[in-house]
Amino acid sequence: MDYKAIIAKYRDTTGGILEAFNAVQKELSYLPEEVIAEAARIFNIPAAEAYGVATFYSMYSVEARGKNVIRICESAPCHIAGADEVIAALERELGILMGESTVDGLFALEFTECVGQCQATPVITINGEPFFDVTAAKVPGILAKFQK
Ligand code: FES
């Protein structure tokens with residue numbers, strides 16, 4: 001579905017711009033400039049305001065990035081439980097560093113704050129889906145699910 005049609009779907013929804021950005025980002029993995037401009041037009045707000053929304057929330061990215069966004073919790077409980085080893089395994093498996101995307105455009109690695117799942121640390125999310133009690137050994141198996 002093209003981004004204009006996605007945005008238009010939320011035209012009459014309260015808080016529609018957030019829903020629209022969520023839906024577009026699900027398709028494209030980030031919010032390109034033309035998406036922000038189209039949202040400003042559809043929701044009848046200044047482009048600067050639409051850009052402000054896109055950059056205010058950490059869940060949105062205005063930079064191009066890999067399709068599957070892996071976020072690693074870096075809050076204290078996950079850190080203590082071994083998030084560093086998980087980070088090292090992810091970087092090794094994907095051949096990139098935190099904050100980067102793979103050249104095939106398949107994965108992006110980002111940090112996040114606590115995602116509210118501290119009972120099963122360390123936690124990572126991939127496209128918002130949480131994975132619990134992650135260890136370095138589990139990383140290849142988790143990535144394999146998204147490599148198709
Ligand atoms: S500290 Fe990582 S999920 Fe809460």
Side-chain angles (χ1 to χ4, degrees), residues 1 3 6-7 9-11 13-40 42-43 45 47-148:
M1 187 186 272
Y3 71 85
I6 294 174
I7 295 168
K9 256 176 61 182
Y10 298 96
R11 181 193 301 267
T13 307
T14 309
I17 192 167
L18 298 178
E19 302 265 0
F21 281 170
N22 281 338
V24 173
Q25 191 168 266
K26 211 168 169 192
E27 292 293 318
L28 305 178
S29 187
Y30 78 111
L31 301 173
E33 250 173 55
E34 58 270 27
V35 166
I36 295 169
E38 177 69 3
I42 292 285
F43 294 102
I45 58 174
E49 194 177 325
Y51 186 77
V53 172
T55 53
F56 178 78
Y57 296 97
S58 67
M59 65 214 181
Y60 300 133
S61 174
V62 294
E63 306 287 334
R65 61 181 177 174
K67 178 171 164 243
N68 298 296
V69 180
I70 304 171
R71 306 187 92 190
I72 299 108
C73 174
E74 62 173 346
S75 295
C78 279
H79 184 75
I80 291 165
D84 282 352
E85 286 99 79
V86 175
I87 291 167
L90 285 163
E91 289 181 334
R92 192 172 53 244
E93 286 294 321
L94 297 174
I96 57 172
L97 299 174
M98 293 302 299
E100 295 180 345
S101 292
T102 54
V103 282
D104 61 5
L106 213 48
F107 292 101
L109 279 181
E110 296 181 355
F111 284 114
T112 184
E113 295 300 319
C114 178
V115 292
Q117 303 290 344
C118 315
Q119 77 284 357
T121 55
V123 178
I124 69 170
T125 64
I126 303 184
N127 305 330
E129 177 189 350
F131 292 84
F132 306 116
D133 297 310
V134 180
T135 61
K138 288 182 181 174
V139 165
I142 293 171
L143 292 178
K145 293 181 190 163
F146 296 87
Q147 260 150 351
K148 293 159 205 150

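Each ligand, and each atom within it, is numbered from 1 in the order the structure gives. Throughout, residue positions are numbered sequentially from 1 according to the sequence presented.
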So the atoms of ligand 1 within less than 4.0 Å of a heavy atom of Q117 turn out to be 3 (S)
Partner of C78 by side chain to side chain contact (heavy atoms under 4.5 Å, CB included), out of T112, T121, I72, V86: T121
Quick one: pull up CD1 in I70 and CD1 in I87 and give me the separation to the nearest 0.5 Å. 11.5 Å
Determine whether the side chains of Q119 and Q117 contain a donor N or O and an acceptor N or O closer than 3.5 Å. yes
Mark up the atoms of ligand 1 that fall under 4.0 Å of a heavy atom belonging to S75, in ascending order. 1 (S)
Between atom CG of L31 and atom OH of Y57, what is the distance when rounded to the nearest 0.5 Å? 13.0 Å
At a 4.0 Å threshold, what atoms of ligand 1 neighbour a non-hydrogen atom of V115? 3 (S)
Using a strict 4.0 Å cut-off to heavy atoms of C114, name the atoms of ligand 1 that fall inside it. 1 (S), 3 (S), 4 (Fe)
Which ligand 1 atoms, with their elements, are less than 4.0 angstrom from a heavy-atom of C78? 1 (S), 2 (Fe), 3 (S)
Numbered atoms and elements of ligand 1 in range of P77, under 4.0 angstrom, heavy atoms: 1 (S)
So, is C118 placed with an N/O/S atom under 2.8 Å from atom 2 (Fe) of ligand 1, counting both backbone and side chain? no
Step by step, would you call K138 with D133 a side-chain contact (heavy atoms from CB on, under 4.5 Å)? CA-CA 9 Å; K138 288 182 181 174; D133 297 310; 3.9 Å; yes
CD1 of I7 to CD of E19: how many Å apart, nearest 0.5 Å? 13.0 Å
For ligand 1, which atoms sit closer than 4.0 Å to a heavy atom of C73? 1 (S), 2 (Fe), 3 (S)
